[in-house]
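Beneath this line is the structure, given in structure tokens, with notes to follow.
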Protein chains: 2
Amino acid sequence: MILSRTSQYAVQAMIYMATQEPGQPILNKDVAARLNVPAPYLAKILQSLAKGNLLESFRGRLGGFCLRPEGLRTSLMDILVLTEGPTFTKNCLLGLKQCSKETACPLHFRWVPVKERIIELLNETTLDKLSEAVKSGKYRLADVPLRLFPELDAVA
Amino acid sequence: MILSRTSQYAVQAMIYMATQEPGQPILNKDVAARLNVPAPYLAKILQSLAKGNLLESFRGRLGGFCLRPEGLRTSLMDILVLTEGPTFTKNCLLGLKQCSKETACPLHFRWVPVKERIIELLNETTLDKLSEAVKSGKYRLADVPLRLFPELDAVA
DNA sequence: AAAAAATAGGATAAAAAGGTATAGAATGAA
DNA sequence: TTCATTCTATACCTTTTTATCCTATTTTTT
């Protein structure tokens, strides 16, 4: 309804990274297996997250990706601005190039307060909260239940 | 942020139809000119709105599209269910196939109340309200100001 | 120094969305 | 009837998004 597949994968991956041991690089292919998404595609996404300074990347043996030191404070907004573009929450619902308080589309004043709620949610929802939720075991991050990949439990 | 271009055009077109004389067919090309969108593309959209019973269509001379008799009560949700598909507001933010109260993604309980607000907005916002807003002259429906198309004032 | 393991990056392929073109069918008027 | 007008239907093209593949390049281990 709101997010591209790229963004969905990015958020899932970031939450997963946040559940892992800090500072310990995690392999792209392990994240991909855990989330059940195509590894080469996910690699591109992780690379762009690294370019955007949300992840660190290390090449070579013992390489991989991991959160930056303060990564747990990353908000959903931080991620989505990278994956959806900087105007993510700025556009008119009807697609008008100019739509502001002065030159408004007929939906503008109805939409703005709802949009504010969305923005608030994206800003206040951070990886530490989300990773705690996942670690509690009450929430699932991917479609396939964990138990179907017992070989990954060791990695986790 | 939320709507496909097809949906944006559909909503714009429906609002425009609602500002017109009831029962009087309006030409696709006039709507396209007024909204400044490609006419052949808009034609497809209007046809699908007609198939979905939101518009009536008439062929031949004096033909065109117009709202159905009770069309002013059409809500944004009515339109978007047609253009975005019936699961428009039903999907998980993270794209999980299964995401409900029982098997929730970590965003679920944060997202649901915001989504409820969006759904409420879409359901309660109807064409009569929106067309009144446009007819008041305080809101604009398309990017190009009306004055640039004086030849359309007669049509309107 | 060489081998192995990992990301980086560019080229490419497939699918979906956006947009165009064309032929056909219905309607009203000359 | 015939013609212009308008929607209908289908096929097609283009662009964007999603996904894959292959070849560097970097780093660690041997």
Side-chain angles (χ1 to χ4, degrees), chain A residues 1-13 17 20 24-33 35-68 80 82-85 87-88 91 94-95 155, chain B residues 1-13 17 20 24-33 35-68 80 82-85 87-88 91 94-95 155:
Chain A
M1 174 181 183
I2 263 195
L3 299 179
S4 67
R5 192 154 300 194
T6 295
S7 290
Q8 293 175 337
Y9 291 167
V11 171
Q12 288 178 26
M17 303 296 285
Q20 301 303 107
Q24 170 123 15
I26 303 161
L27 302 187
N28 171 68
K29 68 175 180 188
D30 289 340
V31 183
L35 301 179
N36 199 26
V37 306
Y41 186 38
L42 183 66
K44 300 277 185 208
I45 296 171
L46 296 185
Q47 282 163 30
S48 77
L49 292 171
K51 263 194 182 166
N53 279 312
L54 297 187
L55 292 178
E56 283 184 299
S57 66
F58 304 95
R59 302 220 256 199
R61 266 190 92 123
L62 304 184
F65 296 88
C66 63
L67 284 189
R68 304 195 83 85
L80 297 179
L82 273 186
T83 54
E84 301 278 324
T87 66
F88 172 44
N91 299 327
L94 290 186
V155 178
Chain B
M1 176 182 182
I2 264 195
L3 300 178
S4 66
R5 191 153 296 192
T6 295
S7 291
Q8 294 176 337
Y9 290 168
V11 172
Q12 288 178 26
M17 304 295 284
Q20 301 304 106
Q24 170 124 13
I26 302 161
L27 302 187
N28 170 68
K29 67 176 177 185
D30 289 340
V31 183
L35 301 179
N36 199 24
V37 306
Y41 186 36
L42 183 66
K44 275 210 305 203
I45 296 171
L46 294 184
Q47 282 164 31
S48 78
L49 292 170
K51 263 194 183 164
N53 278 313
L54 296 188
L55 291 178
E56 283 183 300
S57 64
F58 304 96
R59 301 216 257 199
R61 260 192 95 119
L62 307 185
F65 296 88
C66 63
L67 284 188
R68 304 194 83 84
L80 296 179
L82 274 186
T83 54
E84 300 280 323
T87 66
F88 172 44
N91 299 326
L94 289 186
V155 178

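In what follows, every heavy atom counts, from backbone to side chain, and hydrogens, waters and symmetry copies are set aside. Chain A is the first sequence line, chain B the second, and so forth, proteins listed ahead of strands; every chain is numbered from 1. The structure presented is a predicted model; accordingly, all values stated were derived computationally and were not measured.
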Could you report the tightest heavy-atom contact between [X] and [Y], atom names first, then the distance?
X     : Y     : answer
B:G52 : B:L82 : CA-CD1, 3.7 Å
B:C66 : B:P25 : CB-CA, 4.1 Å
A:A32 : A:P38 : CB-C, 4.5 Å
B:T83 : B:A10 : CG2-CB, 3.7 Å

### Query
How far does CE of A:M17 sit from CZ of A:R68, to the nearest 0.5 angstrom?
11.5 Å
Would you kindly give the [atom1]-to-[atom2] distance between [X] and [N], to the nearest whole Å?
X     : N      : atom1 : atom2 : answer
A:N28 : C:dG9  : CG    : P     : 14 Å
B:D30 : D:dT5  : CG    : P     : 14 Å
A:E56 : C:dA6  : CD    : P     : 18 Å
A:F65 : C:dA6  : CZ    : P     : 12 Å
B:N36 : C:dG19 : CG    : P     : 12 Å
A:L46 : C:dT7  : CG    : C1'   : 10 Å
A:L55 : C:dT7  : CG    : P     : 12 Å

### Query
Any idea which of C:dA8, D:dT20, C:dA29 is nearest the B:L62 side chain?
C:dA29
### Message
Checking the side chain of B:Q12 only, and the main-chain atoms of A:L94 only, is there a donor and an acceptor separated by less than 3.5 Å?
### Response
yes
### Message
Can you tell me if B:S57 touches the phosphate of D:dT8, counting only side-chain N or O atoms and a distance under 4.0 Å to OP1 or OP2?
### Response
yes
Between the protein and nucleotides 13-15 of chain C, which nitrogen or oxygen pairs come in under 3.5 angstrom?
none

### By side chain to side chain contact (heavy atoms under 4.5 Å, CB included) - contacts of A:L3 (at least two apart)
A:S7, A:Q8, A:L80, A:E84, A:F88, B:L93
Any side-chain heavy atom of [X] sitting closer than 4.5 Å to one from [Y]?
X     : Y     : answer
B:L27 : B:V31 : no
A:V37 : A:Y9  : yes
B:L55 : B:F65 : yes

### Task
Would you mind classifying the nucleic acid contact of A:P38 as base, sugar-phosphate or nothing, using non-hydrogen atoms under 4.0 angstrom?
sugar-phosphate
### Message
Any base atoms under 4.0 Å from A:L27, or only sugar-phosphate, or nothing? Heavy atoms, all strands.
### Response
sugar-phosphate
### Query
Quick one: on DNA chain D, does A:L42 or B:G63 contact a more 5' nucleotide (nearest heavy atom)?
B:G63
Output a table of nitrogen or oxygen pairs between the protein and nucleotides 10-17 of chain D separated by less than 3.5 Å.
none

Just list the side-chain donor-acceptor pairs under 3.5 Å for residues 41-48 of chain B, sequence neighbours left out, or say none.
unit_1, atom_1, unit_2, atom_2, d
B:Y41, OH, B:T6, OG1, 2.4
B:S48, OG, B:I45, O, 2.9

### Task
Can you run down the side chain to side chain donor-acceptor pair (under 3.5 Å) pairs that involve residues 55-67 of chain A, sequence neighbours left out, and say none if there aren't any?
none
Close N/O contacts between protein and nucleotides 23-27 of chain C (under 3.5 Å):
unit_1, atom_1, unit_2, atom_2, d
C:dA26, O4', B:R59, NE, 3.2
C:dA26, O4', B:R59, NH2, 3.4
C:dT27, O2, B:R61, N, 3.3

